[in-house]
Amino acid sequence: MKRPTKKDTENTLLNAAQAARENSYSPYSHFKVGAAVLARSGRVYTGTNIENASFGLTVCAERNAVFAAVGAGEKEILALALVSGKLPGAKVNSPCGACRQVLAEFMKPNAPVYMGMLEGTKRVVVTKTLKDLLPLAFQLTTHKK
């Protein structure tokens with residue numbers, strides 16, 4: 001059996017994230033986001049943003065995908081993809097600070113983060129590493145992975 005290429009993995013994750021985006025509960029912002037993570041086991045887990053009338057209780061798609069993986073027993077995430085609409089003037093829509101810190105708990109600094117934006121029927125993708133997005137992640141030195 002042929003081993004998947006990086007491009008295969010990227011497309012699989014972006015397609016899963018785009019499908020998850022359709023389940024977004026975003027009645028306040030109307031900004032749908034989907035995310036997919038690839039776990040060490042090879043399984044893909046997805047999540048979508050879920051808003052709440054008490055805005056502080058809203059949970060982002062990226063964290064929901066990570067929490068689904070961890071809740072299923074996964075402890076290492078190899079890659080993340082997110083897909084959203086395009087915000088006016090944005091070159092890329094990237095994970096928020098809270099999501100970046102959660103990703104740092106389960107991903108290695110060099111892990112890829114694929115950020116897709118939908119512009120009509122076209123999907124524009126920017127790829128960065130987690131370290132690019134969060135160069136000074138908070139870490140407890142006594143924590144062992």
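By convention here, the first residue in the shown sequence is residue 1. Keep in mind that this is a model prediction, so the values were computed, not measured.
By the 4.5 Å heavy-atom criterion applied to side chains, Glu119 and Val124 are counted as neighbours. Side chains of Leu38 and Leu13 form a contact here, defined as non-hydrogen atoms less than 4.5 Å apart.
Grouping Ile, Leu, Val, Met, Phe, Trp and Tyr by side-chain contacts under 4.5 Å, direct or through others, leaves Leu134 on its own. Listed by chain and number, the hydrophobic cluster partners of Phe55 are Tyr28, where partners are ILVMFWY side chains within reach of under 4.5 Å, directly or through others.
Remark: the backbone N or O of Thr5 is paired with a side-chain donor or acceptor of Asp8 at under 3.5 angstrom. A donor-acceptor contact shorter than 3.5 Å is absent between the side chain of Glu10 and the backbone of Tyr114. A donor-acceptor pair is defined here as one N or O able to donate and one able to accept, closer than 3.5 Å; no such pair exists between the side chain of Ser84 and the backbone of Met117.
The heavy-atom pair separating Ile77 from Ala69 by the smallest distance is CD1-CB, 3.8 Å. Considering every non-hydrogen atom in both Pro95 and Arg100, the closest pair reads O-NE, 2.7 Å. Considering all non-hydrogen atoms of both residues, Ala36 and Val44 come closest at CB-CG1, 4.0 Å. Residue Asn49 comes nearest to Ser24 through the heavy atom pair OD1-OG, 2.8 Å, listed as atom of the first residue, atom of the second, then distance. Scanning all heavy atoms of the two residues, the minimum distance from Gln101 to Phe138 falls at NE2-O, 2.8 Å. Nearest approach of Ala90 to Asn93, heavy atoms of both residues: CB-OD1, 3.6 Å.
Residues Leu14 and Met115 do not share a hydrophobic cluster, clusters being chains of Ile/Leu/Val/Met/Phe/Trp/Tyr side chains in contact below 4.5 Å. Cluster membership for Leu87 and Val33, using ILVMFWY side-chain heavy atoms within less than 4.5 angstrom, is shared. Hydrophobic clustering of Ile, Leu, Val, Met, Phe, Trp and Tyr side chains at less than 4.5 Å, counting indirect connections, keeps Val125 apart from Leu103. Val59 and Val83 fall into different hydrophobic clusters, where Ile, Leu, Val, Met, Phe, Trp and Tyr side chains are chained together by heavy-atom contacts under 4.5 Å. Taken together through direct or relayed side-chain contacts under 4.5 Å among Ile, Leu, Val, Met, Phe, Trp and Tyr, Val92 and Leu133 form part of one hydrophobic cluster.
If you run side chain to side chain contact (heavy atoms under 4.5 Å, CB included) between Leu82 and each of Arg21, Gln18, Glu62, only Glu62 comes through. Of the listed residues (Val113, Val37, Val102), just one forms a side chain to side chain contact (heavy atoms under 4.5 Å, CB included) with Met107, and that residue is Val113.
Listed by chain and number, the residues in a side-chain hydrogen bond (donor to acceptor under 3.5 Å, both in side chains) with Arg40 are Glu76 (sequence neighbours excluded).
With rounding to the nearest 0.5 angstrom, the CZ atom of Arg123 is 6.5 Å from the CG atom of Asn11. Atom-to-atom distance recorded for Leu78:CG and Ser41:OG is 8.5 Å, nearest 0.5 angstrom. From Leu57, atom CG reaches atom CD1 of Ile50 across 12.0 Å, with rounding to the nearest 0.5 Å.
The number of heavy-atom neighbours closer than 6.0 Å to CG of Leu136, taken from other residues, nucleotides and ligands shown, is 12 or below. Heavy-atom neighbours of Lys86 NZ from other residues, nucleotides or ligands within 6.0 Å: above the threshold of 12.
Between the side chains of Asn23 and Thr48, no donor-acceptor pair is found at a separation under 3.5 Å. No hydrogens or angles considered: nothing links the side chains of Thr129 and Asn110 as a donor-acceptor pair under 3.5 Å.
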